[in-house]
Amino acid sequence: DWSMTYTTIGKLAQRISQRSFLGLLERDAAYQLEAPTLWDVDFQTAVAQAELEDRDRPGAMHRVRFGVNGTPTHPGDGQALIETTRPELIPACVALLAHPDDPRHRELVGSEARTPLFGTRVPVLAHPLVEQDKGTGLVMVCTFGDLTDVTWWRELSLPVRSVLGPDGRLVAVPWGSPGWESESVERARASYGELEGRTVNQARKRIVELLSESGELIGEPQPVTRAVKFFEKGERPVEIVTSRQWFIRTIEHREQLLARGRELKWHPPYMRARLEDWVKGLTGDWCVSRQRFFGVPFPLWYPIDEAGKIVYERPLAALESQLPVDPSTDVPDGYEPSQRGQPGGFAGDPDVMDTWATSSLTPQIAGQAGEDAELFAKVFPMDVRPQAHDIIRTWLFSTILRSHLDEGELPWSNAAISGWVLDPDRKKMSKSKGNVVTPMHLLEEYGADAVRYWAANGRPGTDTAFDAQQMKVGRRLAVKLLNASKFALADLPPQGQALTHPLDRALIARLSKVAAEATSSFEDYDYARALERAESFFWWYCDFYLELVKGRRYDPDPDVSASVSLALRVSMSVFQRLFAPFLPFVCEEVWSWWQEGSVHRAPWPDADELAAMASPPSPAAGVLEREQTALELAADVLREVRKAKSQARRPMRAPVTRVLVRDTAARLAVLGLGAGDVRDAGSIERIETEEAEEFSVEVELAAEAAE
RNA sequence: GGGCGCGUAGCUCAGUUGGCUAGAGCACCUCGUUUACACCGAGGGGGUCGCCCGUUCGAGUCGGGCCGCGCCCACCA
């Protein structure tokens, strides 16, 4: 319904998004925290776990010697060796860890070690997450090199010794002051002076030189390739930087979210595993604040105390009547604009929400939650979320989370997961690779129906390689529908009240089955199957049924043409509606030739109605089956006649003097029901029969001169 | 490393409770024709259903094990 579109920057979406956030805040489902956060150093913003991707990057493994005291029994005699790919974080080292069961480091655990170059004393502790077979089995914990560091830091209550700034450069640190003690402050300052202000890469290069000079680097760095986490749009690896951010509670709902995932009907079912993997792998709550310019702002301000300090602990929420608000221009209730930024005044929250924080409310926005209670009650929860598999962990996940938190139920009953359109070489299209095929020229060359036809052939969940051949097929089908409709409907004689001819009943009976299959396929979200069934039967219909009934259709006697006239109307009406979802334009066109209104508003074909129409007047046992066999046999004989003509290199209208059909008695008994149509369609003078085990046809063509 | 999916004609893919002499379209070859359709029609060739075991009267279909491809996830030592 194109009258109900919205944009995520529109007032409606902003209002609903801000209102939902305030609701979460009120219920303590959202909170702010100064904590280690995934951070992109180029965009200088927090990013969420869902926005990360792994990229393989070359690096080097450095073996580094830490000093140890009074542990002469330890192998290496007075030294502890660790391996690291990030030696630039040695000044941020807060502990060394070994696995509790590792015999090599048992003596060392519980003692203290000294960092190289800086002489900081760090405890040597045990933790089960340490992998014994990596490196020396001894690992350094820094604040923060990776998410595991965060885990260790949290679980072992380690101090923070942070060296990395939001711009990705090493910040100044106060060597010698509390937290930055050193056995040799002079040396620490001197060493760090070589690193301060440098980027991570520059610092890494320099510290390797320093370690090498001091003899604390053991051996040469060994080149390795390792998976590094990047913000999906970023150029440099994400870092972990401590900052104040807003979070939505997620982890504590893990089990309920998994239950929601099981409640949802997935198409195809195996896609549920993607959500489960994701939910089970979550390492923290969802960070929703971003330090960017564009986005929906947080509807919050903070008081400023008399000393001019922002009091983050007491956020001032916007009033419902103010929504949507922009705290950088709007003013909180009870304050004057002149108080902005002043002691005793207020400051607006400078951050905006993650785009998914608004997109996760799609059903609520479309249903106008909190705006139009009647509409919302009518449409929520919705039937289906259609989307591709790559954003299960973002769009699908976050939508379920928000609906769970706000509405206490699933946002929709079904998830229809599509695949990607791949380039002709089956690679994912991407701007950076330059292999993107835009659809405009396809629409121009093949038509919108053909492009849509091709897209509909991609089965749910399956990636589809771009294939111009398939568009030709779609175009052919569209043209065929145009031509068949023209033949079937133009100058059609008056229709009868009922299907009096057995072949017409048999046709509608088959059509009923096809309609039933298309319907159940659609109900299963298997649109590709619905199309395939309708399509293959339609081609059979054109090749055989339309040819078989030509004689009766053009017969001047209205009693003869009445039944086929009805069958043609019914069948074309059904085909036009069955194809309408796939070939919307051509179907609308052929529908307009003889029907009122739009085919897209017409009722879907009713298989039961068709079956009723196809039932024989005398419902004796086996009549239905006999008529089905008659139609099949008629088509089989016609096929053999055509084959004979084709192999004799004669035209299809070449007359046939005699056809001998051999088949079982049972089948021959029903041949008569369709023999007249077969004769007309094959230009056959005489059909004879002979009983046999297997079906075969002998064809006698008239002499060529007879043409 | 864990999980999921896929491997059927040269290509894109059907094959739903095991019964197939394995199908369709494209491409290829032959022929025909213009009274719905040259954006056409009729016909033909082409496959040890990735490999190996097993269950079964019978396996493309079920079970196990390999091989290959793809995707998702994962702890950057």
Side-chain angles (χ1 to χ4, degrees), chain A residues 54-57 59 61-62 64 82-86 89 96-97 129-131 134-142 145-149 151-152 224-230 237-238 240 268 270-278 280-281 283 389-390 392-393 419-420 422 424 426-428 446-447 450 454 457-459 461-470 472-490 517 520-521 524 526 528-529 532-533 535-536 539 542-543 546-547 550 553-554 638-639 641-654:
Chain A
D54 285 351
R55 295 181 201 164
D56 281 331
R57 282 289 178 275
M61 189 66 76
H62 309 81
V64 178
I82 62 109
E83 288 194 350
T84 181
T85 57
R86 302 206 57 180
L89 291 178
L96 296 186
L97 299 184
L129 234 46
V130 178
E131 290 184 32
K134 275 199 178 174
T136 61
L138 202 58
V139 58
M140 76 167 176
V141 184
C142 306
D146 61 30
L147 289 170
T148 318
D149 281 346
T151 305
W152 282 324
V224 292
T225 301
R226 72 227 200 278
V228 183
K229 294 205 182 303
F230 281 74
V238 291
I240 294 162
Y270 61 76
M271 281 296 172
R272 196 183 79 195
R274 302 270 181 108
L275 179 72
E276 297 198 337
D277 277 0
W278 177 248
K280 287 174 185 163
T283 59
H389 51 63
D390 56 332
I392 287 174
R393 68 177 184 170
W420 283 330
L422 304 176
R426 299 205 66 85
K427 293 273 179 288
K428 187 184 174 182
Y446 301 102
W454 160 76
N457 271 302
R459 286 188 130 69
T462 308
D463 295 345
T464 308
F466 177 84
D467 185 5
Q469 287 301 342
Q470 287 301 309
K472 284 191 197 161
V473 177
R475 186 165 179 81
R476 225 163 64 90
L477 177 63
V479 170
K480 192 77 173 178
L481 187 62
L482 216 50
N483 287 319
S485 297
K486 190 162 87 186
F487 164 73
L489 302 170
E517 243 188 313
S520 65
S521 298
D524 252 1
D526 197 349
R529 185 183 170 83
E532 185 214 297
R533 292 308 145 116
E535 184 184 8
S536 71
W539 281 104
C542 291
D543 292 345
L546 288 186
E547 294 297 330
K550 265 184 182 166
R553 184 220 188 286
Y554 288 114
L638 182 57
R639 187 198 309 275
V641 171
R642 283 173 178 164
K643 191 181 198 170
K645 289 178 181 176
S646 181
Q647 283 172 348
R649 310 192 158 191
R650 302 282 297 278
M652 281 303 124
R653 59 172 157 71

### Message
For B:C49, give the paired nucleotide (Watson-Crick: N1-N3 plus N6-O4 or O6-N4; G-U: N1-O2 and O6-N3; both under 3.5 Å), or none.
### Response
none

### d(OH, A:Tyr270; P, B:C4) in whole Å
12 Å

### Task
Write down the distance between CZ (A:Arg459) and C1' (B:G15), rounded to a whole number of angstrom.
10 Å

Between the protein and nucleotides 22-26 of chain B, which nitrogen or oxygen pairs come in under 3.5 angstrom?
| residue | atom | partner | partner atom | Å |
| --- | --- | --- | --- | --- |
| B:G25 | O3' | A:Arg476 | NH2 | 3.4 |
| B:C26 | OP1 | A:Arg476 | NH2 | 3.2 |
| B:C26 | O2' | A:Gln469 | OE1 | 2.7 |

### Task
Using the test salt bridge (Lys or Arg N to Asp or Glu O under 4.0 Å), find all partners of A:Lys550 that sit at least two apart in sequence or belong to another chain.
A:Glu547

### Task
Could you pull out all residues at least two apart from A:Trp539 that satisfy ring-ring contact (aromatic ring centres under 6.0 Å, His included)?
none

#### Entry: Watson-Crick or G-U wobble partner of B:G5, both distances under 3.5 Å
B:C69

Could you pull out every donor-acceptor pair under 3.5 Å between side chains of residues 473-481 of chain A and any protein atom, sequence neighbours left out?
| residue | atom | partner | partner atom | Å |
| --- | --- | --- | --- | --- |
| A:Arg475 | NH1 | A:Tyr446 | O | 2.9 |

#### Entry: Per A:Trp539 side chain, nearest of listed nucleotides B:C4, B:G41, B:C71
B:G41

### Message
Does the structure show a Watson-Crick or G-U wobble partner for B:G23, both distances under 3.5 Å? Name it, or say none.
### Response
B:C13

### Message
Has A:His62 got a side-chain atom pairing as donor or acceptor with A:Thr84's backbone, closer than 3.5 angstrom?
### Response
yes

### Message
Measuring to OP1 and OP2 of B:C76, would you say a side-chain N or O of A:Thr148 lies under 4.0 angstrom away?
### Response
yes

### Task
Sort out the partner of B:G43 for me: Watson-Crick or G-U wobble, both distances under 3.5 Å, none otherwise.
B:C29

### Query
Mind checking what makes salt bridge (Lys or Arg N to Asp or Glu O under 4.0 Å) contact with A:Glu276, not counting sequence neighbours?
A:Arg272

### Query
Is any side-chain N or O of A:Lys643 closer than 4.0 Å to OP1 or OP2 of B:G44?
yes

### Sugar-phosphate, base or nothing in reach of A:Met61, heavy atoms under 4.0 Å
sugar-phosphate

### Summary
Paired to B:U56 by Watson-Crick or G-U wobble criteria (both distances under 3.5 Å) is none

### Non-neighbouring partners of A:Glu532 that pass salt bridge (Lys or Arg N to Asp or Glu O under 4.0 Å), sequence neighbours left out
A:Arg459

### Of the listed nucleotides B:C72, B:C76, B:A74, the one nearest the side chain of A:Val238
B:C76

### Task
Could you check which of B:G5, B:C76, B:G43 has an atom nearest any side-chain atom of A:Asp146?
B:C76

